[in-house]
Amino acid sequence: MATKEQSQAAPTAAPGDPSPQEVRYNPAEIEARWAERWAAQPDLYAAEPPSSAKPKYYVLEMLPYPSGQLHMGHVRNYSIGDALARQMRMRGFNVLHPMGWDAFGLPAENAALKNNTPPREWTLSNIAAMKRQMNRIGFAYDWSNEITTCLPDYYRWNQWFFLRMFERGLAYRKKSKVNWCPQCATVLANEQVVDGCCWRHEDQLVDQRDLEQWFFRITNYAQELLDDLSKLDGWPDKVRTMQRNWIGRSEGAEIQFDLEDASTAHEDEDKARKPGTALLPASDQVKSTGQKIAVFTTRVDTIYGATSLQLAPEHPLVKEMAAADPALAQSVASLLDQQKKAREAGDVGAIEKHGVFTGHYAINPFNQERLPVWVGNYILTDYGTGAIMSVPAHDERDFEFAKKYDLEMKVVILPRNSNTVAENGDREPLLPFTTEDSLLMNSGDFSGHGCQEAQQKMAAFAQEHGFGKPTVTFRLKDWGVSRQRYWGTPIPMLYCPKDGIVPVPDSELPVLLPDKIEITQQGGSPLAHVPEFVNATCPKCGGKARRETDTMDTFVDSSWYFYRYCDARNDKAPFATETVAYWFPIDQYIGGVEHAILHLIYSRFWTKVMRDLGLIKFSEPVDHQFSQGMVIKNGAKMSKSKGNVVSPDDMIARYGADATRMYSLFAAPPDRDLDWQEDGVAGISRFLSRVYRLVMKYGERARSPRSAAPASPSATTQSLQRKLHQTIRKITEDFSGRWHFNTDIAAIMELVNLVTGAEPQIAAGEVPDAVLADILRTLTLLLAPFAPYLAAELWEYTGQTSNLLLTPWPKYDEALAAEDQIEIPVQINGKLRSLVHIDANATEDQVRDAALADEKIATILTGKEITRIILVPRKLVNIVVK
RNA sequence: GCCGGGAUGGCGGAACUGGCAGACGCAGCGGACUCAAAAUCCGCCGAGGGCAACCUCGUGGGGGUUCGACCCCCCCUCCCGGCACCA
């Protein structure tokens, strides 16, 4: 692929002996020329089919939303992946390195409103622009597998999966309270609500609305999603911890409390409204209403300390009670109102606790005590059963609440090493003692047991007697996927007056998203205003049916896109099973940590569903996951609102793509935040310029070596070769896991500095041309993953005609890399006092003798008594004296 | 509050397994080249002291383990990220 004409077309690349002034690194010219050559070979970076004899390697970067502009975060993400993909290819792997577009989503609709541009056009032109940018930077993508999620050949498979999930009960419809963003005019998943606000509109408080919605039953997989985290050794602990917390497994017990019949419960209304005094044993006359209140607790061992039940304001029983009690209805309403106001005032997390006594009592099944039933604003509706038993003595929140409303507290847990209540204080708060070394008291037959033991016994007891059971609760909730938006995948469902909810038959897929639609700001689903879309025929009865007008959450698109990359043009199935079996799991996935819980949980869920559908045979899609740090500037994440955005285009125009991407790898290790400093890019550009001039200067000697290697190499030759092989070793080892590209680039700089420093010796003929040629070519190969344009240019200049991308990665020679002389620090009492130079193979005795013989050391040691000498082979000598 | 991650020169960072703290780059200073500037090249560049050889101090703070600690242990401060009334 390298042609003489092209390299000679470069004004600075004329062979001969250009003087330094004439040779100038011109990235714009070099990069434009190579970009053109690469563009002419569309399959340059294509993966080989599964029949390839090479081992496979799937490197994946998170696909971008096509906003129209790459930002520095993308550049960093993709530079990491590209360096890896290029190196793995040079190391002989069959590399799949695809790219695509997460192309559905709200911004397209907003743009449509603003500029009157159809979302499809807007999106596709953004994609074209970003693809140009990516090619300009020189990312080695296999575009033959490009996917665009907003096109029917992709989203039809979203619909296909939806139908499969519907068949298995994994997609279901229910009316539920959902998070509603007034600005987006749509529902948000729990994962898209941040601090009570919309993830896209930081100041927009999320409303709660009751809507019929489609859900994916991700909770069916909660335990497996949790368990499998421990197998993901190639994932950062941070991400695994975040997912573990998000899934939020709690072991405990569910206990049923009988609700007392209000008509017989209390004769004295006043007394009833002061529930603190009402903790009486249930008398025989008390009748159960037959209604039960189920409570979830992780501390059933404290149940003898329960002094009330607390229901969430939205609890169904509260609604029932309020219906019969206008005063209560009013109180509950004001409770909710207060809560809403507090949230609007910006309170997130815990707000002040309020509660209302319902006038009802429930019976503690363990001791038959009557417990007043309250409504508490601190009880979460959608966690556990939406009701708790309140144990003020041993729970901080219950304590706070009980103090405020003057409810009784009963101490039932004592630390093992104390005997009396007094010793632990009636002091406040009587907070939960650690369960390991505490015992139950005042707990009937369970008194004296350790907490953990009691928890098991009491849950079992409840189960035996039919009023409870051990249970596990998850924080994770089912994934609400309905969105009242236009620009998304239509949900392939029909509503027939006769047959109810009817799935669209596979043969009618895809349900096409209509192109012609007027986007307006009115609430609800835009598709509902398109009669051609809404009006359909019921496949069961042939009568009129109405189409579902909501579209799918765009996280559906990204939950399985990396499977489609393996077989993107398949029109019979989402992918061919064998092809995916070859490429999966993804060897390395790289992306921002902001996707640690949303995307990375959904896609794990999707994989497990696909396994259960028989499409794949494994349970986890990603072998190694890497979360790169953010790109920040002046101490803040780059953002339009902060005005600290640096445009990749600017950087490329000024310093070239090589310098820009290389700086993004040099300025910090990839997992840490990167502080963007333009002077640093200039520094990399200077370095590349030095490399360029060096190769230009000696390229001719590399092309046609005149001097052969002499029998015994000069000291300069040896030191250059040593450094060269040390550098190959360092970078090769680093790529297999450590990924400290910043120090790899620094190592290349050191090598270049050493060669530059040896120019007088090179000029004096001390370094044979063959060695020089080897150094320059190897340097070029080492540079290739980081600065592919310059590497390609120099590779050709040194007379190589092979495709750099497929040229084998250099191998290092341990013998050449080995130091023959080493420097050993000599310490006295741990303080550095001298350095001795000694043969690398010196024995311990020789090292010790050399250290003691050292002039400085000998002087300091005069008159001192040596008590010990510590000798670390090849590392140091430490002489301990009195 | 809970769970992660972090704090090293003027700045970004290096030191891989407890063994020379500050690699590499940026900024700065001095010099060469130039009529001059840019570019390039060479030198210096943690703090304090000393004419110098050198000495002392130094990795957020305090303690500890060790012949030896940026690294391990205990306590504390601050910064970043995630979760947050999850019973």
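Closest-nucleotide positions on RNA chain B for A:P669 and A:T381 were compared, and the one nearer the 5' end corresponds to A:P669. Toward the 5' end of RNA chain B, the nearer of the two residues A:D675 and A:R686, judged by each one's closest nucleotide, is A:D675.
For A:N878 against B:rC67, a side-chain-to-base donor-acceptor contact under 3.5 Å is present. Contact annotation: side chain of A:E400 to base of B:rC85, donor-acceptor pair absent below 3.5 Å.
Among the heavy atoms of the strands, none lies under 4.0 Å from A:I745. Using a 4.0 Å heavy-atom cutoff across all strands shown, A:N753 reaches sugar-phosphate atoms only and no base atom. Residue contacts for A:K856: at a heavy-atom cut-off of 4.0 Å it reaches the sugar-phosphate backbone alone, with no base atom in range. Counting non-hydrogen atoms under 4.0 angstrom, A:G384 reaches nothing in the nucleic acid. Residue A:V872 is classed as a base contact, given a heavy-atom separation below 4.0 Å to a base. Contacts of A:Y663 with the nucleic acid, taken as non-hydrogen atoms under 4.0 Å apart, are absent. Across all strands, A:D673 comes closer than 4.0 Å only to sugar-phosphate atoms, never to a base (heavy-atom distances). At a threshold of 4.0 angstrom between heavy atoms, the contacts of A:Q827 include nucleobase atoms, whether or not backbone atoms are also involved. If you check every strand for non-hydrogen atoms under 4.0 Å, A:R833 touches sugar and phosphate atoms only. Among the protein residues, A:Q310 comes within range of no part of the nucleic acid, since none of its heavy atoms lies under 4.0 Å from any strand. Looking at heavy-atom distances under 4.0 Å, A:I869 makes no contact with the nucleic acid at all.
Remark: P of B:rC2 and CG of A:D395 are 15 Å apart, rounded to the nearest angstrom. For the pair A:N245 CG and B:rG1 P, the computed distance is 17 Å after rounding to whole Å. Between the CZ atom of A:F687 and the P atom of B:rC41 there is a distance of 12 Å, rounded to whole Å. In this structure, A:I870 places its CD1 atom 11 Å from P of B:rA69, rounding to the nearest Å. Atom C1' of nucleotide B:rA87 and atom CZ of A:F257 are separated by 12 Å, given to the nearest angstrom. Atom P of nucleotide B:rG25 and atom OH of A:Y655 are separated by 17 Å, given to the nearest angstrom.
Closest to the A:D679 side chain, of the nucleotides B:rC26, B:rG12, B:rC83, is B:rC26. Checked against B:rC67, B:rG12, B:rG81, the side chain of A:V880 finds its nearest nucleotide in B:rC67. Of the candidate nucleotides B:rG82, B:rC20, B:rA14, B:rA14 has the atom lying nearest to any side-chain atom of A:H740. Of the candidate nucleotides B:rC3, B:rG6, B:rG19, B:rG6 has the atom lying nearest to any side-chain atom of A:R672. Side-chain atoms of A:T298 lie closest to B:rA87 of the nucleotides B:rC83, B:rC20, B:rA87. Ranking B:rG12, B:rG19, B:rG6 by closeness to the A:K875 side chain, first place goes to B:rG19.
Classification of the A:Y602-A:W479 ring pair by plane angle, with boundaries at 30° and 60°, yields parallel.
Between A:F666 and A:F741, a ring centre-to-centre spacing not shorter than 6.0 Å is recorded. Here A:F467 and A:F257 keep their ring centres 6.0 angstrom or further from each other.
Rounded to whole Å, the separation between the P atoms of B:rC20 and B:rG68 comes to 15 Å. B:rG64 sits 14 Å from B:rC71 when the P atoms are compared, rounded to a whole Å. Across the P atoms, B:rA23 and B:rC44 are found 12 Å apart, a figure rounded to whole Å. Separation of the P atoms belonging to B:rG6 and B:rU17 is 13 Å when rounded to the nearest angstrom. Comparing B:rG9 with B:rG22, their P atoms sit 14 Å apart, to the nearest whole Å. When the C1' atom is used for both B:rC72 and B:rC11, the distance is 30 Å, rounded to whole Å. Comparing the same atom, C1', in B:rC79 and in B:rG63 gives a spacing of 23 Å after rounding to whole Å. Going from the P atom of B:rG19 to that of B:rC73 covers 15 Å, rounded to whole Å.
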* To do: Would you please test A:Y405 and A:S308 for side-chain contact (heavy atoms from CB on, under 4.5 Å) and show each step?
  => CA-CA 11 Å; A:Y405 290 99; A:S308 69; over 6 Å; no
* **A:L407 and A:W374: CA distance, side-chain angles, deciding distance, side-chain contact (heavy atoms from CB on, under 4.5 Å) verdict** => CA-CA 11 Å; A:L407 302 183; A:W374 283 67; 3.7 Å; yes
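A close approach under 4.0 Å does not occur between any side-chain nitrogen or oxygen of A:S689 and OP1 or OP2 of B:rA39. Between A:N742 and B:rA14, a side-chain N or O to OP1/OP2 separation shorter than 4.0 Å is present. Between B:rC57 and A:K831, a contact under 4.0 Å exists linking OP1 or OP2 to a side-chain N or O. Close to B:rA87, at under 4.0 Å from its OP1 or OP2, lies a side-chain N or O of A:Y383. When the side-chain nitrogen and oxygen atoms of A:R690 are compared with OP1 and OP2 of B:rC24, none of them lie within a distance under 4.0 Å. A close approach under 4.0 Å does not occur between any side-chain nitrogen or oxygen of A:R738 and OP1 or OP2 of B:rC16. Phosphate contact (OP1/OP2 of B:rC85, side-chain N/O of A:R475, threshold under 4.0 Å): absent. For B:rC41, the OP1/OP2 oxygens have a side-chain nitrogen or oxygen of A:R693 closer than 4.0 Å. Between A:R868 and B:rG68 there is no side-chain polar atom (N or O) within less than 4.0 angstrom of OP1 or OP2. Dashed line: the shortest gap from a side-chain N or O of A:R244 to OP1 or OP2 of B:rC2 is not under 4.0 Å.
Here A:T743 pairs with A:K730, A:D734, A:R738, A:H740 under the side chain to side chain contact (heavy atoms under 4.5 Å, CB included) rule; sequence neighbours left out.
With respect to the salt-bridge test (charged N to carboxylate O, under 4.0 angstrom), the residues A:D854 and A:K856 do not qualify. Between A:R249 and A:E251 there is a salt bridge, since a side-chain N of the basic residue sits under 4.0 Å from a carboxylate O of the acidic one.
Distance alone, capped at 3.5 Å, places no donor-acceptor pair between the A:N742 side chain and the A:A667 backbone.
For B:rG9, the glycosidic angle deviates from 0 by 90° or less, giving a syn base.
Applying the 6.0 Å contact sphere to CD of A:E759 captures more than 12 heavy atoms from other residues, nucleotides or ligands.
Counting all heavy atoms, side chain and backbone alike, A:I748 lies closest to A:L782 at CD1-O, 3.8 Å.
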List the atom pairs, donor and acceptor, that lie under 3.5 Å between side-chain atoms in residues 668-675 of chain A and the rest of the protein, sequence neighbours left out.
| residue | atom | partner | partner atom | Å |
| --- | --- | --- | --- | --- |
| A:D673 | OD1 | A:M630 | N | 2.9 |
| A:D675 | OD2 | A:Q677 | NE2 | 3.1 |

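The strand RNA chain B forms stems, runs of 3 or more Watson-Crick or G-U wobble pairs with distances below 3.5 Å, at B:1-7 with B:77-83, B:10-12 with B:24-26, B:28-32 with B:40-44, B:46-49 with B:54-57, B:60-64 with B:72-76.
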